[in-house]
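Below, chains carry the letters A, B, ... as their sequence lines are ordered, and counting in each starts from 1. Since we're looking at a predicted model, the values are computed, not measured.
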Amino acid sequence: ETGVTQTPRHLVMGMTNKKSLKCEQHLGHNAMYWYKQSAKKPLELMFVYSLEERVENNSVPSRFSPECPNSSHLFLHLHTLQPEDSALYLCASSPDTGTVSYGYTFGSGTRLTVV
Amino acid sequence: GESVGLHLPTLSVQEGDNSIINCAYSNSASDYFIWYKQESGKGPQFIIDIRSNMDKRQGQRVTVLLNKTVKHLSLQIAATQPGDSAVYFCAGEGPGRRALTFGSGTRLQVQP
């Protein structure tokens, strides 16, 4: 375990379903991130939270809705997704944002399949 | 903005040989770089990082080289082992950016 836990590990959902991905970290980090990893493509930044405040939304469709109730938990709420949204969704945390030198700690990801 | 990319999608090496994985970046203002390793079914794991005021940094069996003139960095793995088989990503961060930008990855295959 890296200290960042994502649940569920796998999720299959229909295009009309509503589901949520959960991320939890107990590293004392102040920043949390959602990335999307599709096959043969770079990791795509989706959202950045710093101290529970969303500081970056990287032009993500509104069918993805993040929530950060506290600095230890991050959710990604999903509704009316498309098949092309199938991917590995990775959560990461870091001590802070906007710092020259820091490192991310990643979770193992949620493998999402939209049918 | 920043973009990072890798030269080769797949690199195959013999066990015991040295591996070199390359990465190019576009933003000359980028001042921090990280290499990550991602094994199947896992999230990326930190390997080594380097700041722009350095040319070289060494870890255990790994070395990162940074050439700011041509905006290129490389990851060298000494005496490559089967456990090194994974996808390797470089990532960069520039001033004012709030998050890392990742390249598309190179798959390292270690042949016994």
Side-chain angles (χ1 to χ4, degrees), chain A residues 1-7 9-10 21 23 25 27 29-51 53-60 66 87-111, chain B residues 1-10 21 23-27 29-54 57 59 62 64 66 68 86-107:
Chain A
E1 284 296 329
T2 63
V4 178
T5 303
Q6 290 187 244
T7 55
R9 290 296 305 274
H10 301 272
L21 310 185
C23 177
Q25 61 94 5
L27 301 170
H29 289 172
N30 291 325
M32 297 186 78
Y33 311 80
W34 280 117
Y35 278 84
K36 176 184 178 182
Q37 187 175 31
S38 304
K40 299 182 180 179
K41 293 175 70 175
L43 273 74
E44 300 172 58
L45 178 67
M46 300 177 73
F47 301 103
V48 181
Y49 275 83
S50 177
L51 294 170
E53 178 185 351
R54 189 190 312 179
V55 296
E56 187 157 335
N57 177 343
N58 217 31
S59 303
V60 179
L88 181 69
Y89 288 84
L90 288 162
C91 172
S93 70
S94 71
D96 207 342
T97 64
T99 306
V100 171
S101 177
Y102 61 85
Y104 285 2
T105 301
F106 280 93
S108 296
T110 294
R111 174 68 63 185
Chain B
E2 170 70 274
S3 70
V4 289
L6 296 176
H7 293 311
L8 294 174
T10 303
I21 301 172
C23 183
Y25 61 95
S26 62
N27 188 348
S30 296
D31 45 22
Y32 179 66
F33 303 91
I34 306 178
W35 281 99
Y36 282 90
K37 172 186 180 183
Q38 186 174 23
E39 297 174 279
S40 180
K42 296 182 179 180
Q45 293 177 284
F46 174 92
I47 302 175
I48 191 168
D49 61 357
I50 188 168
R51 303 186 190 196
S52 59
N53 61 352
M54 303 170 69
R57 190 160 188 226
V62 295
V64 56
L66 177 62
K68 294 179 287 293
V87 177
Y88 290 82
F89 297 92
C90 63
E93 194 253 8
R97 283 287 292 147
R98 295 183 179 273
L100 294 171
T101 301
F102 286 81
S104 54
T106 291
R107 180 172 298 280

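Checked against salt bridge (charged side-chain N to carboxylate O under 4.0 Å, His left out), Arg111(A) has no partners two or more places apart in sequence or in another chain.
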Gln38(B) vs Leu88(A), side-chain contact (heavy atoms from CB on, under 4.5 Å): CA-CA, chis, key distance, verdict: CA-CA 12 Å; Gln38(B) 186 174 23; Leu88(A) 181 69; 3.9 Å; yes
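Looking at Val55(A), both its backbone and its side chain come within 4.5 Å of chain B, counting heavy atoms on both sides. Looking at Leu45(A), only its side chain comes within 4.5 Å of chain B, counting heavy atoms on both sides. Residue Glu44(A) does not touch chain B at all, counting heavy-atom pairs closer than 4.5 Å.
The backbone N or O of Leu100(B) lies less than 3.5 Å from a partner atom in the side chain of Tyr104(A), making a donor-acceptor pair.
Here Tyr35(A) contributes atom OH and Phe102(B) contributes atom CZ; the two are 5.0 Å apart, rounded to the nearest 0.5 Å.
When every heavy atom of Ala99(B) is checked against every heavy atom of Tyr33(A), the shortest pair comes out as CB-CE2, 3.9 Å.
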